[in-house]
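So you know, we letter chains A, B, ... as the sequences are listed, proteins then strands, and number each from 1. Everything numeric here is computed off the predicted structure, so don't read it as measured data.
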Amino acid sequence: MTLPAPAVRPSPAGARRRWNLWPLFYMLREAREGTSRHALAAVALILMTALAVLFVAGMAAASRETAALAAVLREQAKLRVIVSEGADAQTLAARIRMLPGVRAATVIDRRTTFARMEAAFSSQVDLRAVFEENPFPDSIDVDVRDPAAVAPLVREIARLSGVEEVVYGQRYVEPLLRLAAWLGRAGWAAGTLLALLALLVSVVTWQLAVLARGAEVRIQSLMGVPPARIWGQFLLEGALLGLAGGLLAALAMVLLQGALSAAAAMLVFLPRGTGLATGAWVGLCVLAGAGLGVLGAGLAVLRALRQETMQA
Amino acid sequence: MRLERRTEAERRMEADRAHGGPAPTEPALALAGVTKAYRRGAQPVLCRVDLVLRPGEWAFLTGPSGAGKSTVLKLFYGAVRPDEGTVRVLGMDVARVPPHRVRRHMGLVFQSFELLPQKTVLENVAYGAEILGFPPREAAAAARRMLAAVGLEGLAGRFPWELSGGEQQRVGIARALIHRPPIVLADEPTGNLDVDTARRVFEIFRAVHQEWQPTMLIATHSRDLLEWAEARVIRVEGGRLTEDTAASRRGAGKEAALP
């Protein structure tokens, strides 16, 4: 029997090492073959990752959108001070103008208010016939310099004598801000929970994949392939599947944005938000998916590899 | 410090290999005062064992089941660590280097053939070269040469489940030795084979040894093969080496002796 010529030629001591990219090529080939051999597990991983990423990203986007809406509303907020019966509106307006944060205070006397209302309802009802006396009070419109300081200003104006009531949009903005904060917290909590669930499913699926490919891992380990490279091929596969999940989530986000934009177009009174599926969102979805895939594969393979290395 | 030692050991080994193997004065495989128990407080599988195999030496490791033959091999390829004593492979202290650095210079053959069922015979053999970083063409060419050497060139396109046990083992050997390692360890390589097939497998080992003179340590039960092969025989029993024919057999490293 004649044996072949040496397959491995020893390099002289001290020879310069050259980059060998063939292992990467084989890794990608094994990833493709491994995925096609366990197609259903791969699909489950991709879908689970996509769901987790989509949920987290969706909740984060909703929270951001709500907060943006609240901010817009807050910026448009004006105060209207209703003057008590018998109080002097001009004196009160002068005192309000002196308060910090007030840009302007304009008195709207009761006659002007009545005239405006009369004009507004002219086609429906004759207000002069309905009311014997002008029922509207004098009022003061207050422009605020800093929309964020509306709430303390309202409290201060309400303490002034001659003020019947302070009406402002902030009472609608504050719940919206609370909703945005809640959405943010709930989104992160639920998203984290879902991400953990996806990670668990990913780890279990990867453990099964490693088990199914135990022979390859064992052969590689016995032939002296460094554990980092064996680990690396599963990480690469995890990253690729996670990436696919992230892309799927990003695609769903884009579609969702289209649907929401169409709905928002019907609610013309709402100010425009920040947009759901910008390039940054898509990038984040893809990165999050890849990260989830790498983490799942890494955790699953770490233990299996440690056992395989020592118990080969 | 540890890194320095590794680097030095590897550099020395590469220099050695460039000249056809370790320096003749340095053992290829060595156990010094090795004790190993799998559980704390349990009877040791090996007890203060000393063993030396010179470069190019061919030896059989024999003894009853559970005597510690596989443990000796596992110690060499770093699958288990000794409780006491030192294990050296090509001058490297196995406890001080990661297992893959030691295994890179070994061809490991097992009773279970460790073939991949989804790959053809050629792909199985080429896989050994691929995972060591060979380009695809070189890997396939080396695999074809190895298959021809073990007499399976006509079965390259078959799958492992289409082969007999002996053929499967020859594929396993072809893959394990595709990188022409300086050390060959085999753990009951003919345990699943009949006597005639086993002899054919041993013919391959003999040819390998004649071709590039690797240090070969083969654990086996088969007394027939021991007689036939005329190599050094080391008997393990009760955790100790009870017999070593090094002094009376032909071949390199005759001077290696029992402690």
Residue among B:L108, B:L115, B:L116 with most heavy-atom pairs under 4.5 Å to chain A: B:L116

statement: In terms of heavy-atom pairs under 4.5 Å with chain B, the winner among A:E30, A:M27, A:Q233 is A:E30

- request: For B:R103 and A:S221, test the side chains for any donor-to-acceptor distance below 3.5 angstrom and give the result as yes or no.
  value: yes

field: Spatial distance of atom CG (B:L193) from atom CZ (B:F202) [nearest 0.5 Å]
entry: 9.5 Å

- line: The interface call for B:R175 against chain A, heavy-atom contacts under 4.5 Å, is both

field: Toward chain A, the part of B:I131 with a non-hydrogen atom under 4.5 Å
entry: both

- request: Look at the rings of B:F110 and B:Y77 and say which category their plane angle falls in: under 30° parallel, 30 to 60° tilted, over 60° perpendicular.
  value: perpendicular

- prompt: With chain A, which of B:G128, B:P136, B:G133 has the greatest number of heavy-atom pairs at distances under 4.5 Å?
  reply: B:P136

query: Given that the side chain runs from C-beta out, which part of B:A129 has a heavy atom under 4.5 Å from chain A: side chain, backbone, both or neither?
result: neither

- request: Identify whether NZ of Lys or CZ of Arg in B:K36 sits under 6.0 Å from the centre of the six-membered ring of B:Y38 and within 45° of that ring's axis.
  value: yes

task: Would you kindly check if the NZ (Lys) or CZ (Arg) of A:R229 is within the cone defined by 45 degrees around the ring axis of A:Y26 and under 6.0 Å from the six-membered ring centre?
output: no

- prompt: Side chain, backbone, both or neither: which part of B:Q210 has an atom under 4.5 Å from a heavy atom of chain A?
  reply: neither

Residues B:E162 and B:Q168: side-chain donor-acceptor under 3.5 angstrom: no

